[in-house]
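Letters A, B, ... are given to chains in the order of the sequence lines, protein chains preceding strands, and every chain is numbered from 1.
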Amino acid sequence: MAIQDLLHGLNAEQSAAVTAGNGPVLVVAGPGSGKTRVLSHRVAYLIQEEHVSPDRILAVTFTNKAAREMRDRIERLLGTGGAASGLVMGTFHSIGVRFLRQNPGIVSDRLGILPNFLIYDDGDQMDLAKKAVIAVGMDPRQLAPRRMLSRVSAAKSMLISPSEFARDHITNYDDEIVSRVYAEYDRALRKANAVDFDDLLVLPLQLFDAAPKLLEVYQERFLHVLVDEYQDTNRVQYILVSALSAKHRNLFVVGDPDQSIYAWRQADIRNILDFEQDFPDAKRVHLEINYRSTARIVATADRVIRDNKQRIERLLRTENSDGEHVIVRELSDQNHEAQFIVGEIRRLLNGHGVTPEQVAVMYRTTAQSRVLEEAFRISDIPYKIVGGLRFYERKEVKDVLAVFKLLYNPADEISLARIVDNLPLGRGLGPKAVDNVRTWATLNNLTLSEAFMALPGNPGGPELSGSGKAAALKLGSVLANLRQRSTELTLSHLFDAVVEDTGYKGSFDHDSEEEMQRWSNVLELRSDLTRYDEMSPADALPAYLEQVALVADVDQLDANDRGHVTLITLHSAKGLEFPVVFITGLEEGLLPINRAIEAEFQDPQPIEEERRLFYVGITRAEKLLYITYTGMRMLYGRTQMSAPSRFLASLPEQHIKSLGTRHAGINQHRQPSLMERAKQTASGLPQATVRSMSAAPVIPPPRTYAVGERVFHPKFGEGVIGEAIDRRSDQELAVDFARHGRKRLLASLAQLDLIE
DNA sequence: GCGCGACTAGGCGGG
DNA sequence: CTAGTCGCGC
């Protein structure tokens, strides 16, 4: 492909970013401004025009899905298949684990982590944190392991080691506990030969510290380092990319400070704000034309984000047509909210040319998805929930995976404990028997599971009662047998052996619908495993376990996986786009969330982050945007009156159509100030009529259709325009399809192509 | 050692 | 409300 083709369709700013020369580059990219496009074109440009070998480019994305899509795009741009192979691309975590796996010798010598280390998921980390809390003599019920974990995670992301924490970061009793739990947690993690998510970023840095020569090798190799969603990087990630790009200094970062929504995960917005201080010779490019959304949606987003105080003033503009008004709707409670959404989606699906996959329903908390899911289940609209309980976090799936993990890493006591507690194989073994085996294991310098496996050959081993002894022997012999077979069997056959030999398969009650559902989840795991059957058993097991640990919810959203409405949290929705978006629960306490409101007087940051989250949601919408809130909501089992979110007051009147009884712009939860009352009186609020657009931007006319023209629709196929009614900024069409008869569609929504 | 009902604390976001 | 834990009786 020629250079002009590589730059074809890019605007001036996008081209400038793509073709920027060497040195640090900061791309500040508004929503829908084509940043993924810029990144892919940049990589393709480097390979093709600058003749950079793909394996000398490192590209970091926020999700695996984004990495996948970008790779596809680059392949397409470069034409020939495989042209992008060798590119190092993925999330920070997957790149981190790659560094560790590539250097097993140094990792094991210097960091004490054996090559068969496991990545502990959230649940494993929780179990370990709980044990750590108990080990330091505290009660896990009062200490909230979850809170401990987040403190530990925060420390790790700021590169504070347990000993540094103990030395420099204790200011009160609470810190004292955290410090001890942190030390114990990390010790237990190493003992289990496991790492947590933060370790995947921290350990590579420790690796580089321990082996500076190795860092030099990587520094030399990576001629170009590109980072997406830079506003959401934390300190460790910042240091990692700085270190890797230090030699050639070709660091290309893309981000949007207004979309920074991960401060709670220690993302540090200063990384992007201070980029030019860190790299004084940095070039800066702004992408501010939005290609995604209608002018009304862009104007709404812009108006909402402007009310943040701590913000760099920025432009957001579009050349797109006005589109429809943003619909704001008040409902009496969450059930009516769900009903409204389902009803509205049904209306759009029937005859407005909308297909289910074009629609997303977004919410602040996963708890909100339950009511929505219920409404969708009753309706005949296909839907899919992203997030919530992940597949791999389901109890029955974790139970089986625990066996796989233990077979791979015998030091993994957390998994062994799962097996003992949850599988029929562990029946008859209580804490006492396990403790006795552990004592014996320690004496003989074995891991706990190795000790169990050694039992059949050492009948005189640990002290055990008659029944406990039989159970322990059984466990040991089954594990030893599975372990031996794990090197020969494909993963799906290993699965069969595991569910059979542990008695798990037989433990599901065939008369219980619920248990049969759980068993079918277990079987789904089996079909997941067959994807690895081509690989040699020795490689498949670690590859599969790694995939399980690093796959995110959004990663499983597949572009080919069509035909359903998406239910998703606002956080997960970052980076996605949908023609039709519903943002639900615009209420004080939910969006903004209570925590942020409580902190508001000491610290305005959390509220500002909530507003950015709302902004992220708004900017996901291409054509139609609905915003809903309720007057009453059941939360944590109690029904409470809910006040409309303060963010509703930022919505620009001229672009919204308010269908509620109360006007969206007025907060009901507090007395309006005199000024506000004055303004309300002046403008005649509350009111629900649509006000005409004031100071409308110059907008190019949208594509229009005429009666008789032939068109193609992705779902209905070929058709002829039968009627065309002009609306303010759109056309309502009646199209006669050859195979589906007459459908009424909105020109802006239906993905029609004119057939010449 | 297991299974059950009673009780309590938390209550968001995710690689 | 729901998940997790306690404490009891078996």
- [ ] Please step through side chain to side chain contact (heavy atoms under 4.5 Å, CB included) for the pair A/Leu525 and A/Leu401, ending with a clear verdict.
- [x] CA-CA 9 Å; A/Leu525 176 65; A/Leu401 284 179; 4.2 Å; yes
Quiz: residues 255-263 of chain A side-chain donor-acceptor pairs under 3.5 angstrom, not counting sequence neighbours:
residue, atom, partner, partner atom, Å
A/Asp256, OD1, A/Asp258, N, 2.9
A/Asp256, OD1, A/Arg314, NH2, 2.6
A/Asp256, OD2, A/Gln259, NE2, 2.8
A/Asp258, OD1, A/Arg311, NE, 2.9
A/Asp258, OD2, A/Arg311, NE, 3.0
A/Asp258, OD2, A/Arg311, NH2, 2.9
A/Asp258, OD2, A/Arg314, NH2, 3.0
A/Gln259, OE1, A/Arg620, NH2, 3.2

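- Which of B/dG13, C/dT5, C/dT2 sits closest to the side chain of A/His571 comes down to B/dG13.
- Listed candidates were B/dG14, B/dG13, C/dT2. Nearest to the side chain of A/Arg370 is C/dT2.
- Using a 4.0 Å heavy-atom cutoff across all strands shown, A/Asp198 reaches at least one base atom of the nucleic acid.
- Listed by residue number, the members of residues 91-101 of chain A with any heavy atom below 4.0 angstrom from DNA chain B are A/Thr91, A/His93.
- Cation-pi geometry between A/Arg377 and A/Tyr383 is not satisfied (NZ or CZ under 6.0 Å from the ring centre, within 45° of the ring normal).
- Close to B/dG15, at under 4.0 Å from its OP1 or OP2, lies no side-chain N or O of A/Thr63.
- Residue contacts shown for A/Asp122 include a base, since a base heavy atom lies under 4.0 Å away.
- Side-chain proximity of A/Arg427 to C/dG4, B/dG13, B/dC2: nearest is B/dC2.
- The side chain of A/Thr365 contributes no N or O atom lying less than 4.0 Å from OP1 or OP2 of B/dG11.
- What separates CZ of A/Arg146 from C1' of B/dG11 is a distance of 12 Å, to the nearest Å.
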